[in-house]
Protein chains: 2
Amino acid sequence: MGHKKKTTIKDIANVLGITPSAVSKALNNHPRISKQTKEAVIQVAANLNYQPNHLASALRKGKSNLVGVIIPKANSHFFSSIIEKIEDILNAKGYNVIIAQSNESYKKECRTIDALLFTQVDGIIASMANETVKLDYYNKIKAKGIPLILFDRGENDLNVDYVGIDDYMSSHIVIEHLVEQGCKRIAHIGGFSHTRIYKNRIRGYIDALKKHNLPFEDSLIYECNLRKNDGREVMKKILDLPNRPDGVYISGDYAALGALEVMKEQNIKVPEDIALVGFSNEPFSAIATPGISSVEQHSEKIGELAANTFLRRIANPEEEVTLNKMILNPELIVRASSLRKSKGHLTK
Amino acid sequence: MGHKKKTTIKDIANVLGITPSAVSKALNNHPRISKQTKEAVIQVAANLNYQPNHLASALRKGKSNLVGVIIPKANSHFFSSIIEKIEDILNAKGYNVIIAQSNESYKKECRTIDALLFTQVDGIIASMANETVKLDYYNKIKAKGIPLILFDRGENDLNVDYVGIDDYMSSHIVIEHLVEQGCKRIAHIGGFSHTRIYKNRIRGYIDALKKHNLPFEDSLIYECNLRKNDGREVMKKILDLPNRPDGVYISGDYAALGALEVMKEQNIKVPEDIALVGFSNEPFSAIATPGISSVEQHSEKIGELAANTFLRRIANPEEEVTLNKMILNPELIVRASSLRKSKGHLTK
DNA sequence: TATATTTGTTCAAACGTTGGAACAAAAGTA
DNA sequence: TACTTTTGTTCCAACGTTTGAACAAATATA
């Protein structure tokens with residue numbers, strides 16, 4: 001059971017007494033190759049268990065059929081379902097998808113980009129790390145001339161394709177809902193405002209408050225990494241305020257979970273004392289007690305648009321790329337954590 | 001801003017008036033190349049913004065420096081932290097990691113394996129889909145002669161490296177704990193027993209029951225996919241039993257969450273009426289109300305062992321591969337869902 | 001001084017596939 | 001019959017890098 005060397009088109013050619021080039025053409029269904037040679041080649045290829053050498057053809061064709069996908073962290077439903085969709089669509093078109101996590105670290109993200117470029121990917125679909133402020137590495141991708149598609153966490157300044165939801169509007173919908181539920185003083189725990197999506201959510205939050213003549217104070221706005229523990233820490237600070245809010249809107253479900261935990265520990269009734277709304281609609285949000293209201297971002301749709309946009313760019317390499325934003329509408333999923341009114345009769 | 005063609009070692013060679021081969025050797029720090037040529041080459045390479053063509057070198061060297069990692073689903077802390085560790089270790093050694101999800105589907109898994117082999121990966125690290133019973137595609141990997149390392153969901157019959165925890169012992173620890181907490185009748189919701197790890201957990205559960213002279217009945221054992229909804233459905237069945245158990249041990253936290261949900265809906269007190277223990281120690285388990293006791297699997301350690309085993313195999317290609325099981329000890333994290341005794345004074 | 005060794009480089013082939021040009025044979029057109 | 005077109009294939013160079021062999025020059029050894 002020694003290491004059998006792989007069969008190549010040359011081997012097939014030898015068996016049939018034709019040239020490798022004819023074999024290649026037969027396998028690629030070249031119009032000038034006769035039907036019978038094609039059949040014979042396919043037959044022999046199967047017999048010899050021929051596996052095409054992707055490296056060789058990629059080198060020759062200058063195209064690797066590999067697409068890199070960069071996400072901050074795979075362990076959320078949001079990102080993993082986007083990836084699933086992207087894989088589905090691109091696999092069907094003969095592409096393989098390389099997934100890499102940045103772990104929200106700028107440094108890791110840079111290394112990842114270098115690795116992907118090194119691997120000669122045909123394009124990159126990415127959601128930026130929270131930490132990322134400098135765009136140098138993303139510009140490096142652009143400079144390479146391969147398609148770059150951003151989703152969720154993007155940057156206008158890069159002037160590339162972008163798929164995401166309307167963050168500004170999300171905040172409006174959330175605040176609208178909280179006001180309806182009787183909240184008069186609403187805090188916001190957001191991501192860092194240097195990230196566009198979080199900035200927009202903060203802007204939306206502020207504008208919505210203004211619209212309803214609600215107080216907008218610095219002590220009610222916090223920026224953090226939105227991990228569970230960040231939610232805990234910030235919520236503690238909020239609960240220490242002399243003038244506690246009666247509603248909290250948090251830009252991520254993990255952080256919302258942490259915040260909920262703290263509130264429970266301090267025997268604060270949710271939603272009666274403080275109503276809570278999260279973001280992303282992670283599966284656990286439905287499960288928490290009380291269920292956490294959350295903004296659904298239509299992740300499959302995002303993945304679908306991102307993948308198809310990549311395919312379009314590949315198909316039309318000449319087309320000039322400029323900022324091309326595809327914005328989806330958010331949807332608020334209301335659960336017990338923010339449902340105060342009509343409690344007895346509307347909720348099952 | 002036309003498509004600048006990439007610089008190759010040939011360009012560097014031209015600038016310096018030496019041959020491409022000298023350039024290649026200089027870049028690879030060949031001992032026979034003089035210090036000054038090396039420095040000059042590195043300098044010029046930087047000036048021309050040279051990026052080595054990975055495809056060409058991979059083709060020539062017969063080595064892609066790509067490693068495929070197959071997981072059932074990225075959206076769990078368990079898998080995503082394993083991947084993180086694998087990436088860390090392999091990146092440091094110059095490998096790039098291709099992650100692919102099987103979504104627990106045998107068909108998708110097969111396609112994924114084909115895609116990875118097609119991409120000429122240097123090895124595959126995989127956790128098998130729940131559905132997978134036939135091993136033909138995994139044998140295909142073995143036949144290729146590249147390292148195959150399994151983790152978590154493995155198969156003895158494949159006779160390859162395996163990293164996982166001691167599932168049989170896990171069940172013993174869980175049952176031991178539940179018995180200590182006064183449970184007399186313990187049900188088990190497991191994964192499908194054709195998967196080795198679930199079979200072992202079931203075996204462990206049965207043997208542990210016997211050890212404690214507890215009733216072991218068919219109506220107390222269930223097999224399912226362990227998704228949240230599976231947990232719900234099975235738990236409903238269990239609650240419909242004429243003779244309800246007073247403890248439930250579930251082989252996955254998602255399913256445990258679903259079961260907990262159902263119990264809450266039916267106003268069953270956890271842990272007083274029914275104590276609950278899950279598996280995997282997902283972050284949300286700590287957050288659920290009550291917190292779900294769960295078995296910690298030391299995912300980082302698993303990732304570390306898997307990656308290092310791959311590196312060892314690559315380093316010693318001649319070494320005969322036989323079944324090589326690396327088994328870690330599980331650890332039960334006890335939380336409120338199963339803590340009945342010493343409630344008042346031990347729990348904070 | 002003659003010979004052996006070391007040092008620094010070039011040469012040439014190879015990795016496996018592809019695709020345009022060239023070419024012979026077969027078929028179609030005048 | 002002579003000429004053009006079509007069909008099926010071969011030829012060959014290319015993709016960018018690597019690597020062992022070859023070789024000349026410089027250095028060391030006798």
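Lettering of chains follows the sequences in order, A, B, ..., and the numbering in each one begins at 1. On a predicted model such as this, the values are computed, not experimentally measured, just so you know.
- One interatomic measurement links the two molecules: CG of A/Leu16 to P of D/dG8, which rounds to 16 Å at whole-angstrom precision.
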Enumerate the protein-to-nucleotides 9-11 of chain C contacts in which both atoms are nitrogen or oxygen and the separation is below 3.5 Å.
unit_1 : atom_1 : unit_2  : atom_2 : d
C/dT9  : OP1    : B/Thr37 : OG1    : 3.2
C/dT9  : OP2    : B/Ser34 : N      : 3.1
C/dT9  : OP2    : B/Ser34 : OG     : 3.1
C/dT9  : OP2    : B/Thr37 : OG1    : 2.7
C/dT10 : OP2    : B/Thr19 : N      : 3.1
C/dT10 : OP2    : B/Thr19 : OG1    : 2.8
C/dT10 : O4     : B/Lys25 : NZ     : 2.8
C/dC11 : N4     : B/Ser21 : OG     : 2.7

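- Here C/dG16 presents its C1' atom at 13 Å from NZ of A/Lys61, a figure rounded to the nearest Å.
- B/Thr8 comes within 4.0 angstrom of the backbone, heavy atoms only, and of no base.
- Note: NZ (B/Lys10) to C1' (D/dG16) measures 9 Å, nearest angstrom.
- Here the P atom of nucleotide C/dG16 and the NZ atom of B/Lys63 are 16 Å apart, to the nearest Å.
- Summarising the local packing, NZ of A/Lys325 is surrounded by more than 12 heavy atoms from other residues, nucleotides or ligands at distances under 6.0 Å.
- B/Lys93 NZ: 12 or fewer foreign heavy atoms inside a 6.0 Å radius.
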ask   = What's the verdict on side chain to side chain contact (heavy atoms under 4.5 Å, CB included) for A/Ile18 and A/Val23, showing C-alpha distance, side-chain angles and the deciding distance?
value = CA-CA 7 Å; A/Ile18 57 178; A/Val23 174; 3.9 Å; yes

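- Following rounding to the nearest Å, A/Leu27 (CG) and C/dT17 (C1') show an atom-to-atom distance of 10 Å.
- Using a 4.0 Å heavy-atom criterion, one finds that B/Ser57 contacts the sugar-phosphate atoms exclusively.
- Between the side chains of A/Glu87 and A/Tyr95, no donor-acceptor pair of N or O atoms lies under 3.5 Å.
- A cation-pi geometry, defined here as NZ or CZ lying under 6.0 Å from the six-membered ring centre and within 45° of its normal, holds between A/Arg196 and A/Tyr162.
- We find that CG of B/Asn14 is positioned 13 Å from P of D/dT17, with the value rounded to whole Å.
- Partner B/Ile149 forms a side-chain contact (heavy atoms from CB on, under 4.5 Å) with one of B/Asn324, B/Thr309, B/Val67, B/Val69 and no other, that one being B/Thr309.
- Across the protein-nucleic acid pair, A/Ile12 atom CD1 and C/dG16 atom C1' stand 12 Å apart, rounded to whole Å.
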